Amino acid sequence: MTPDEVKYDVVVVGGGIAGQEAALNLANSDQQVLLVEKDLSIGGHMIHLSKVFPTLDCGACITTPKMSETVRHPNIRVSTFSEFTEIERLSDGTFTGLLTRHPKYVIEKDCTGCQDCEDACPVVVKDQYQYGLVGRKAAYVPFSISNPRVAAIDIENCILCGACERACPADAIDFTQKIEKTKVSAGTVIIATGFNLFDPDVIEKYGLGKHRNVITSMQMERQLVPTRPYNNVLRPKDGKMPDNIAYVLCVGSRDQTLGNPICSQVCCMYSAKQGQLLMGALPMADVTIYYLHIRAFGKGFEEFYQQSIGMGVEYVKGKVGTIDEKENGDLVLRYEDIREGSIKEATHDLVVLSVGMLANPEAGTLFMNNALELDEFGYIRQVDMLRNPASTNIEGVFVAGTASGPMDIPDSIASSGAAAAEALSYLKRKS
Amino acid sequence: MSSILVFSTEKISDPAIDLAGLLKQHYPPTVYTISVPCSSGIKPAWIMHAFEKGFDGVFIAADGTDCPFSETCTEKTAEIVARTHEIMEEKGMDKARLRMAAICSVCSQAFVKQVSGFSEYLEGSD
Amino acid sequence: MVKIRPEFADEIKKFGGVDFNACYNCGNCTAVCPLSVTDNTFPRRLLRYTVLGMEEDIQASTDPWLCYYCGDCSSTCPRQANPGEIMMALRRYLTASYDWTGLSRKFYTSKKWGIGSLVLIGIVVILLFAFFLPFTADPAGLINEDGGVKINHFVKGMDGETFVKTIEIGDLVMAAIITFFLVSNIFNMYLKIVIRNAKKVKVPFSLYVKEAWNLFYHFGTQMRFSKCEGKSYWLLHWLLMSGYTLMFTVIVVFLPWFQTEKIHPIYHPQRFIGYYATFGILLAIIVWSVNRLRKSGEIHKYSHKTDWVFLIMLFLTTLTGIMLHIFRITGMVHFTYYTYVIHLAILVPMLLVEVPFSKWSHLAYRPLAIYFTNLVNKAAALKKK
Amino acid sequence: MKKRIGVYICECGSNISDYVDVEKVRDAVKDEEGVALAKITMFACADSTQQEIVNDIKEEKLDGMVVASCSPKLHLFTFRNVAERAGMNKYNYVQSNIREQVSWAHSDKPAEATEKAIRSVKAAIARAMLSEALVSPVISSENVALVVGAGIAGMRTALDMANTGTKVYLIDSDHFVGGRTAQWGEIFPTGETGREVITGFYDEVIKNENIILHTGCKAVSKAGSVGNFDIKLKIGSRGIKMDAAASGDFDERLEKAIAACPVSVADDFDFGLTNRKALYRSDGRMPALPVVDRENCTKCGECVKICPEIDIQIEETYEEIKVGSVIVATGFDPYEPSEGEFGYGEINNVITLQQFRRLIEISGEKLTYGDREIKTIAWIFCVGSRQTGVLKGENKYCSRHCCTSGIHAAVLARKKFDGITNIHFTRGVRTYGKLETIYEESSVAGDIYLQSYDDSVPVVSHENGIINVKVDDILTGDREMEIDVDLVVLVTGMVPRADKTIGDIMKIPTGLDKFFNEVHPKLKPVETVMDGIFLAGTAQGPKNITETLNVSHSAAIKAHALISGGEIELEPTMAKIDKKLCEWCGKCLEACPFKSIDKEEYEGKTVAVVNTSTCKGCGMCLPPCPVNAIQLTGFSDREIISMIDALAE
């Protein structure tokens with residue numbers, strides 16, 4: 001990209017499912033779209049999921065074709081490892097902003113994704129795309145179905161040994177790359193910056209990090225995907241196949257003491273889904289889900305929940321109070337069985353914390369002269385929920401997906417349609 | 001195990017058969033499917049060819065009233081079945097080796113029931 | 001079948017229940033409570049009873065007394081429904097419900113009654129002394145050889161022994177009143193908990209005897225409290241309790257030994273006991289007052305008006321006690337006598353109101369609740385066998 | 001005949017390879033006639049694999065391609081695009097479904113599943129061998145849309161499309177716009193009223209030159225297909241001469257005329273809580289004109305005497321329109337409890353949530369119902385939804401909005417009237433996402449929540465004027481709790497519209513919940529299997545207003561992208577006549593539902609010829625032909641026979 005100003009009809013910030021969907025909708029209506037993704041690959045959270053409720057399609061089967069459609073669309077330009085900041089609304093209702101492309105130290109067009117650099121690299125760090133379950137190299141292709149599927153050098157951990165440079169058959173490694181900054185103007189901006197996962201480290205009584213067989217639902221999700229790290233579901237402490245798994249719901253959601261009183265809307269369902277998948281992966285295993293209320297509200301959700309009961313997933317009403325570790329790594333959950341009104345202690349050999357969604361604070365930092373208004377939970381405020389649900393307090397800026405609140409995938413996709421439609425109306429009104 | 005050829009339709013009964021798989025509703029693995037646009041476009045010659053090639057049964061998973069093309073679909077498909085039955089009779093074949101039923105786009109259970117029952121019938125008549 | 005009585009919740013609010021309606025019944029409070037056990041699950045169950053107005057179930061329950069308010073339930077409550085505070089409010093409510101006179105309810109729910117009764121009894125005490133006014137006019141002969149005031153020579157023409165006797169009789173009358181009300185309230189508690197217990201079991205006599213040791217053990221040590229996190233809290237509470245009990249016993253039962261003319265050396269048990277009690281009580285008052293003012297920790301977030309009345313009364317008693325002691329040993333006759341009257345005018349109403357009708361009664365109810373709980377649970381276990 | 005076919009067998013992560021031995025499949029087909037290469041991939045649909053296939057096609061000069069993976073409903077178009085990118089005609093691509101119809105369906109029998117997969121892939125190869133390079137016909141498309149239903153969903157969609165340059169027919173069977181939204185007062189979470197929202201939308205619709213609004217109007221028939229639907233509209237009459245409102249004292253006379261009308265019927269708008277006349281107007285509803293209810297009007301003529309602008313004789317008219325796309329936004333009906341369901345219809349003060357929402361709108365200072373002042377209200381949730389366990393009924397689904405809506409109504413009642421006590425009999429509150437705040441607000445305010453499971457539900461009884469509700473409350477250790485109340489509100493969910501005609505006309509399939517079904521909740525969330533027909537709003541399933549608007553916007557932009565370009569690419573599947581064999585008998589024309597067969601002279605005889613612009617490729621003309629002179633592209637005898645051969649091997 002040249003340092004000169006570049007013009008687009010729409011800039012979409014965030015390349016998750018919501019951003020892609022919004023970009024595709026607009027591109028199919030002949031608008032020129034710039035899609036900006038801060039990560040190395042587009043795909044957002046969804047690309048890392050195993051199968052998705054309630055249809056049980058694999059997340060990848062839905063996302064990968066959408067990703068390639070996005071990347072190949074003649075009206076869409078995708079910029080990964082980039083940020084779009086300092087956005088300003090001009091008096092004519094158009095926008096300018098600064099596109100910052102961080103160097104991957106790999107020449108994208110030359111890289112074939114062969115992973116020879118990865119083999120050569122001597123540095124091993126925790127793999128963020130596998131949620132820390134395994135390691136990766138400092139020269140690495142983010143994940144097997146990433147898009148673009150090109151390598152990047154993790155410069156923070158790189159020891160500059162040059163092994164990757166020597167190993168690369170395409171001479172695609174380039175340590176001289178610099179940050180590129182480009183001024184971009186756009187007719188309208190769509191914010192699809194998504195959500196952050198709740199980090200249950202702060203809940204001491206659950207012992208994540210201390211008890212090694214307590215994991216997060218995202219770590220379980222990674223153990224259930226086809227591209228999974230261990231090729232099996234194993235408990236981290238001793239690599240034993242678990243046969244009595246507990247799910248603790250509402251971890252980080254519906255909890256005033258953690259500052260997040262709202263429901264995350266997806267945890268019940270993904271837990272029911274993981275329960276079903278575990279029944280398939282470990283046929284002998286018991287799965288117990290400790291819940292407050294089952295939020296199986298969407299199309300086909302209640303039926304899906306009933307199906308999980310039919311498959312043998314056990315549901316116990318009661319919030320888990322404490323988790324203690326036994327010497328053999330098993331975990332003792334103390335809870336009140338609400339239906340019986342009695343205190344119980346149950347032993348499980350693997351505990352999954354079904355973590356909720358939190359607002360991504362990034363959305364609030366993108367603008368220069370107008371502050372993007374957030375709601376009390378830190379999500380982008382929808383100013384006209386009963387007419388134009390994608391509208392924000394800045395005219396011409398629209399929100400798609402979980403940037404405006406917790407949502408499941410179908411809801412995210414619908415809200416992206418709304419953002420695209422409102423953006424298109426805005427553009428047509430201006431022209 | 002008796003083999004069955006299913007003529008399904010792209011928009012109506014094929015999604016139901018997909019749904020059966022999605023819900024892991026099992027049926028005999030010797031049930032094979034050929035998908036066509038509409039069940040009233042199936043030629044008797046195709047059905048007869050399937051019998052000749054060794055299929056024990058042919059099942060038409062018809063559009064029924066959901067047919068996107070015409071409300072006459074059911075009767076037209078029934079006509080095809082009747083004509084084929086005549087040919088089968090002439091050849092001294094068991095007419096029951098050709099069955100038809102309307103399978104709506106979400107009627108996975110009905111499909112599984114139909115083909116499983118059909119398969120059992122064919123086993124019995126072997 | 002239980003009838004829901006939504007209005008009951010409003011009543012409990014008067015006893016200090018806060019925000020408990022917010023509860024969404026997740027059971028976290030019960031699960032994190034170190035004292036909640038299979039047979040006695042709380043606080044959620046009690047909170048639920050409150051919301052639904054299940055008065056009979058609450059009155060038959062000992063659970064509020066089994067809670068020592070460590071605050072874990074409230075600090076981790078996802079809806080911030082203050083389950084710990086509802087247990088506190090229920091303790092007040094139960095105190096009122098055991099009291100057949102209805103006074104306790106008035107003291108708790110009405111400011112007029114609460115403060116009025118204290119002032120009234122205080123005035124009665126002062127009037128009793130006022131009858132002898134002016135106190136012995138010439139201070140010269142009222143100083144001991146060791147320089148202290150002759151405490152028992154208040155009244156002209158009444159020798160020390162008679163004076164102590166008189167006060168002792170007054171003490172015993174007060175103790176009798178307190179005992180009468182407290183014991184009858186305890187009997188009422190016993191009826192509600194053991195006789196009309198929810199588990200529908202009859203407690204065999206032998207069990208009463210067998211379990212009796214528990215009563216004394218828990219009264220003396222308050223070991224349950226130490227199960228809550230934070231040992232310092234237990235220690236502080238124990239210091240207060242033991243100091244207070246010692247003083248109460250000494251004043252009521254051993255007054256002639258305690259209220260002597262002679263000023264004993266500092267290591268004498270009479271003075272030692274006094275200092276120990278003063279130290280324990282004062283420390284507790286200061287720590288708790290500061291905590292309540294700062295609202296530090298779950299258990300100090302909410303203060304019912306009776307909590308403050310209690311602390312203030314206790315503080316004033318201790319303060320006048322200390323002043324009395326200083327005036328006496330430094331030989332300030334008039335100050336000593338007037339302070340003595342003020343001291344009693346605070347101490348007497350405090351004991352009369354607090355012990356049978358208000359906060360102090362937990363001294364009796366807590367160990368008894370443990371005792372009764374054991375009786376019922378063990379009887380139920382026997383029945384099962 | 002092709003010689004160089006590339007075969008790709010997808011593991012689909014492990015979805016296929018867990019049950020089907022993919023290597024065995026590959027080995028079984030790699031030496032088949034015409035197969036140039038056979039590969040196993042983890043995700044055939046992944047971008048990198050797509051690139052690999054493109055390279056293979058180019059480098060290996062492939063002329064046919066088979067991917068054995070999931071259902072073609074998911075990825076047929078994905079791989080057709082891959083073929084196109086590599087310069088191969090996309091119709092030389094064949095997809096074999098070895099996931100839904102093999103690995104998943106037969107996960108209980110892996111060995112047999114592998115055998116079935118082998119035969120299925122061989123059949124696909126056989127078909128690919130015979131496939132023809134086709135050119136998709138391109139038809140011109142009308143940049144006109146029909147939006148059925150002028151509720152909030154329909155109006156949203158219509159406005160979006162109109163604003164981006166599409167001409168829109170917006171129709172509603174009712175004489176007033178606004179659908180259900182118009183019936184509601186304050187709406188959560190913004191507190192605006194339904195009427196305000198609808199009036200705003202209506203004003204915009206009226207101002208928009210691209211929208212033609214017909215109220216009292218229904219679509220009665222549909223012909224044609226995507227890009228060129230021919231729709232016949234039946235436009236009912238309001239019974240008022242349209243310029244009536246102009247005359248000065250019209251309002252006054254109208255009031256008198258309404259008063260004179262002798263007919264009184266239950267007002268649907270208030271769910272039967274009130275009555276209206278056969279001549280009526282609805283306060284605050286749009287358009288603000290009166291209507292003669294022709295079904296109930298006795299044609300007595302009383303009103304006409306006072307108000308000559310009223311014409312009870314006006315007949316409905318018909319209009320035929322041509323549109324490129326149809327958006328169905330027909331909304332929902334509230335569930336109507338059956339007689340005796342929680343006392344409904346048997347006990348006086350048992351009403352539905354929708355009735356209650358109207359009741360608080362039409363109540364004055366005090367909340368009264370049936371001459372009784374309402375203080376204590378029992379709310380029974382999940383009525384008509386989640387009918388499992390002891391609850392009899394067909395609706396297994398959760399109605400999504402009712403928990404929030406019921407709690408919000410309770411909160412409103414508490415705010416608006418003094419001394420209201422709310423007791424909620426729930427089956428687990430489902431206030432998802434930010435909606436949780438209303439649940440918290442209501443409990444903090446003192447609303448009481450009880451919960452039961454589907455093995456024991458609340459019982460409403462009635463004796464000596466006392467209404468009593470009881471339930472085994474699982475939150476109180478399954479104790480039986482009861483309370484006497486003044487009113488029982490059944491929190492009823494959403495069911496599909498009772499009037500099914502639009503679905504029948506448009507041929508939209510329904511799901512297990514009987515709502516109209518989308519193709520796929522994530523890939524094609526507002527599309528139906530009928531090309532060019534889209535869904536918006538609650539016609540598709542329960543939703544709240546914001547969610548309704550989201551899908552309505554989505555339907556608008558997808559329909560816009562489809563028809564605004566003026567051209568649509570069609571599937572080339574069509575009937576083809578072998579003129580040599582044809583001996584014109586007319587049976588094919590008789591069978592064709594689109595009348596796409598014409599006559600033609602060929603070598604001295606009359607033969608049939610297919611009209612390619614209207615043929616939809618259904619194949620109905622095939623079986624009736626006595627001389628087997630018709631073949632369907634992609635489904636020719638040769639192709640079908642070769643597939644049967646491969647499957648029967």
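Just so it is clear, the structure is predicted and the values come from calculations on it, not from any experiment. Sequence lines set the chain letters: A, B, ... in the order given, protein chains first and strands last, and positions in each chain run from 1.
- Under the 3.5 Å distance criterion, with hydrogens and angles disregarded, a donor-acceptor pair is assigned to the side chains of A:Lys205 and C:Asn28.
- For the set A:Leu333, A:Asp255, A:Val320, A:Ile203, the entry with the most heavy-atom pairs within less than 4.5 Å of chain C is A:Asp255.
- By the neighbour-count criterion of 12 heavy atoms within 6.0 Å, atom CZ of C:Phe216 is sparsely surrounded, having that number or fewer from other residues, nucleotides or ligands.
- The number of heavy-atom neighbours closer than 6.0 Å to CD of A:Glu204, taken from other residues, nucleotides and ligands shown, is 12 or below.
- Between atom NZ of residue A:Lys319 and atom CG of residue C:Asn25 there is a gap of 13.5 Å, rounded to the nearest 0.5 Å.
- The SG atom of C:Cys26 sits 9.0 Å away from atom CD of A:Glu336, with the distance rounded to the nearest 0.5 Å.
- When side chains are defined from C-beta on, A:Pro261 does not count as touching C:Gln80, because their heavy atoms never get closer than 4.5 Å.
- Heavy atoms closer than 4.5 Å to chain C are found in the side chain of A:Leu292, but not in its backbone.
- Across all non-hydrogen atoms, the minimal contact from A:Gly341 to C:Arg44 is CA-NH2, 4.5 Å.
- Atom NZ of C:Lys210 has 12 or fewer heavy atoms from other residues, nucleotides or ligands within 6.0 Å.
- Enclosure of atom CD in C:Glu56 is not indicated, since only 12 or fewer non-hydrogen atoms of other residues, nucleotides or ligands lie within 6.0 angstrom.
- To the nearest 0.5 Å, atom OG1 of residue A:Thr257 and atom CZ of residue C:Arg79 are 12.5 Å apart.
- The nearest pair of heavy atoms linking A:Ile343 to C:Val37 is CD1-N, 4.2 Å.
- Residue contact with chain A, scored on non-hydrogen atoms closer than 4.5 Å, involves the backbone of C:Cys77 exclusively.
- Contact record, C:Tyr24 with A:His293: O-CE1, 4.2 Å, taken as the closest heavy-atom pair.
- At a 4.5 Å heavy-atom cutoff, the contact between C:Thr76 and chain A is made by backbone and side-chain atoms alike.
- Residue A:Arg334 holds its CZ atom at 9.0 Å from OG1 of C:Thr30, rounded to the nearest 0.5 Å.
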